[in-house]
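Report on the structure given below.
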Amino acid sequence: MVKQRVKEMLLAAARAAWEAGELASCNFPEANIEEPRAGAHGDLATNFAMAGASAQKMPPRQIAQAIVGHLADPEGLIEKTEIAGPGFINFFIRPSAWLPVLSEIHEKEGSFGSADLGQGCRVQVEFVSANPTGPLHIGHGRGAVVGDTIASLLSFCGYRVDREYYINDAGNQIHTLGKSVFLRCREIDGRSIEFPEEAYQGEYIYEIAKSAISQKGQQLLDTDEEEAVKICAGLAADEILASIKNDLENLGVLFDNWYSEQQLYDTGRVNRTLAFLEKQGLVYENDGAKWFAASKLGDEKDRVVVRKNGQTTYFASDIAYHLEKYERGYEQIIDVWGADHHGYVPRLSAALKALGKREEQFRVILTQLVNLLRKGRPVSMSTRAGRFVTLRDVTEEVGRDAARFIFLTRHHESPLDFDLEVAKARTNDNPVYYVQYVHARIASIWKKGAEEKGINTSSPGNLSLLCEAEEIGLLKQLARYPETVAVAAELMEPHRIAYYLMDLAALFHAYYNKHKVLTDDPELTKPRLYMVLAIQKVIGNGLNLLGVSAPEIM
RNA sequence: GCGCCCGUAGCUCAGCCGGAUAGAGCGCCGGACUUCGAAUCCGUAGGCCGCAGGUUCGAAUCCUGCCGGGCGCGCCA
């Protein structure tokens, strides 16, 4: 592409200048080519001369002069160059030099923009992993969409990615869940109960209790309490998990694997992992509990792995779980957590370090909280009373596309205001429809062009007729897509794709309002249709990465 | 108290692995449908980039300290 070619030309020119004795050193800096904000500074610019000043022991402008003097441009991409400011080299690109991006898009279709960054590296993205003790809320939705989209991005960029959900089906909370259900069963049966504060208060507990009674019958209430609670816990977790799965499917989130915490105990992995750490001298006893020496590996303090009462902690099984991920062959693991768990990061990192994993093999993405609003006002959520708007409610009200897109319109570490009314609005307030509208509009143009003008893609026509300023702007934006994807994948920042699409959509809508695609002149109409169809493909490609549909009609 | 995140236009936010004159949407005001989909577009106004230092040829961007907001700091998960 143009940017890459200019970069190559720049480096070649620097080398040529050095060979000609005009530069003192061949120790060149990284060639950083960017697009200046101001159009007066050209289409592309580089700080190459400034960055190399110290190595060359020459003033930047003089270096720039030497490089420009040796610039070879066989394809004639560059119209002119300028040396500006403290030593920028500004490149003015011949407008038609941007045209080849169109044929590239038409050839590559859905794979346009992908790059083999991962080279087959196996990555696991673990996300949501909410305890199966209640319905998902909107915060889980954000984590789900961010995790899912990061996985898509990585997969698009050459990583072999699996999506995994970790089920916390062992430990206290499940026991509490079972007890909550059991107590409700008794209540339904007409017995008087004391419902403890720490039990799950929600309405859904009654539903599960009813279903437990109908499945297990009256005898459930007469069995030994411990046994009954266990049965209730199992039933409840299964039922809740099924509904979580369903909610996630409605959001377009599908997992490759659902991994049970209990399984780690059943296979003895937790004990084995602890024994290993103990052998390394990183687990010691104090106050009747066993501690992992996390403070030796970057955490603030040591952490308990086995409680005084002999039970292991959640942390213990989590270490075992993460170790097992690597044993399954993942070279890199990514966890998506709510930001309220950020304090947990150092201790898990410490544990993985103790297990011999490199820092870059483990990455935690934290998603900030979501404020649910309606018409600008907070929607009251009372978890205690068990009254809250669930993720399912939100998805049903605003639809999958809007929900997903809105979750991706913020950096994941920024808090997000999610306004239900805005999410439903079919206006510029709501960027989903703005972007999708481009896709639908182009479908409509295309249909009309084929029907009335009999024009199809196989005839791009004379592309040099694409010379309006808005057309060049669109070509440049299309050319930015691969880099946008690569950066989004590298930084694991899917919101960059959303912003890219909004920018592309804005350029298209402006163009559409100013120029006709279907003109009376077939020779002009052909290249315009060809370009517009390329735009549609890139919009579809990007929306697909985000898990949002690209409708032909809306 | 310690740690993490956030602080950019009236509001909601991009930009932050250093670049030149800081952007978008909404809102306000004023315009554009007998012509490819008005779920659209065009125009005006709006800024000590929280504050103060530091590094640099150059800082919204990096470093330090403060201020304000959120979240964490369990032998819970």
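Letters go in sequence order (proteins before strands), and every chain restarts at 1.
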* To do: Check if the side chain of D429(A) and the base of G25(B) share a donor-acceptor pair of N or O atoms closer than 3.5 Å.
  =>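 By the distance-only test, no, there is no pair.
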* Donor-acceptor pair present, H342(A) side chain and G3(B) base, under 3.5 Å ->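 Donor-acceptor pair under 3.5 Å: yes.
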Between [N] atom [atom2] and [X] atom [atom1], what is the distance in whole Å?
X: D302(A); N: C73(B); atom1: CG; atom2: P; value: 18 Å
X: R37(A); N: G18(B); atom1: CZ; atom2: C1'; value: 12 Å
X: L529(A); N: C36(B); atom1: CG; atom2: P; value: 15 Å
X: D419(A); N: C11(B); atom1: CG; atom2: P; value: 17 Å
X: K290(A); N: G74(B); atom1: NZ; atom2: P; value: 23 Å
X: I89(A); N: G19(B); atom1: CD1; atom2: C1'; value: 14 Å

* Presence of H411(A) side-chain N/O under 4.0 Å of C16(B) phosphate oxygens OP1/OP2 ->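 No, outside the criterion.
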* Asked: Does a side-chain N or O from R307(A) land closer than 4.0 Å to OP1 or OP2 of C76(B), or not?
  ->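 Yes, within the criterion.
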* To do: Compare the aromatic ring of F88(A) with the six-membered base ring of A20(B) and state whether they stack according to the 5.5 Å and 30° rule.
  =>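 Stacked: centres under 5.5 Å apart, planes under 30°.
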* To do: Could you walk me through whether K514(A) and E468(A) pass salt bridge (Lys or Arg N to Asp or Glu O under 4.0 Å), step by step?
  => CA-CA 10 Å; K514(A) 189 163 175 185; E468(A) 298 287 353; over 6 Å; no
* To do: Examine R441(A) relative to Y512(A) and say whether NZ or CZ is less than 6.0 Å from the centre of the six-membered ring and inside a 45° cone about the ring axis.
  =>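 Output yes; distance and angle both within limits.
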Which of these nucleotides, [options], is closest to any side-chain atom of [X]?
X: R410(A); options: C73(B), G37(B), A14(B); value: A14(B)
X: K301(A); options: A38(B), G19(B), G74(B); value: G74(B)
X: D417(A); options: A77(B), U12(B), U40(B); value: U12(B)
X: D340(A); options: U35(B), C42(B), C71(B); value: C71(B)
X: H509(A); options: C36(B), A20(B), C41(B); value: C41(B)
X: N513(A); options: C75(B), C41(B), C13(B); value: C41(B)
X: H41(A); options: A20(B), A14(B), U40(B); value: A20(B)
X: M554(A); options: G23(B), A39(B), C13(B); value: A39(B)
X: L518(A); options: C36(B), A77(B), C6(B); value: C36(B)
X: E300(A); options: A77(B), C36(B), G3(B); value: G3(B)

Any salt bridge between [X] and [Y], counting N to O under 4.0 Å?
X: E278(A); Y: K290(A); value: yes
X: R480(A); Y: E35(A); value: yes
X: D318(A); Y: R347(A); value: no

* To do: Identify the two heavy atoms, one from R303(A) and one from A294(A), that lie closest to each other, and give their separation to 0.1 Å.
  =>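 Heavy-atom minimum between the residues: CG-CB, 4.2 Å.
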* Asked: So which one's nearest nucleotide on RNA chain B is more toward 5', A440(A) or G85(A)?
  ->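 This one resolves to G85(A).
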* **Bracket notation of RNA chain B in which parentheses pair within the strand, [ ] cross earlier pairs, and | pairs with another strand (Watson-Crick or G-U, under 3.5 Å)** => (((((((..((((.....[...))))..((((.......))))......(((((..]....))))))))))))....
Name the nucleic acid region contacted by [X], choosing base, sugar-phosphate or nothing; use a 4.0 angstrom heavy-atom cut-off, strictly under.
X: D520(A); answer: nothing
X: E552(A); answer: base
X: Y344(A); answer: base

* **P-based separation of U8(B) from G15(B) [nearest Å]** =>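 Approximately 14 Å lies between the P atom of G15(B) and that of U8(B).
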* Conformer about C1'-N of C71(B) - syn within 90° of 0, anti elsewhere ->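 C71(B): anti.
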* Please tell me if the side chains of F405(A) and L546(A) come closer than 4.5 Å, counting only heavy atoms from C-beta onward. =>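 They are in side-chain contact.
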* Asked: Looking at the rings of F362(A) and H322(A), which for Trp means the six-membered one, are their centres under 6.0 Å apart?
  ->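 Yes, ring centres under 6.0 Å apart.
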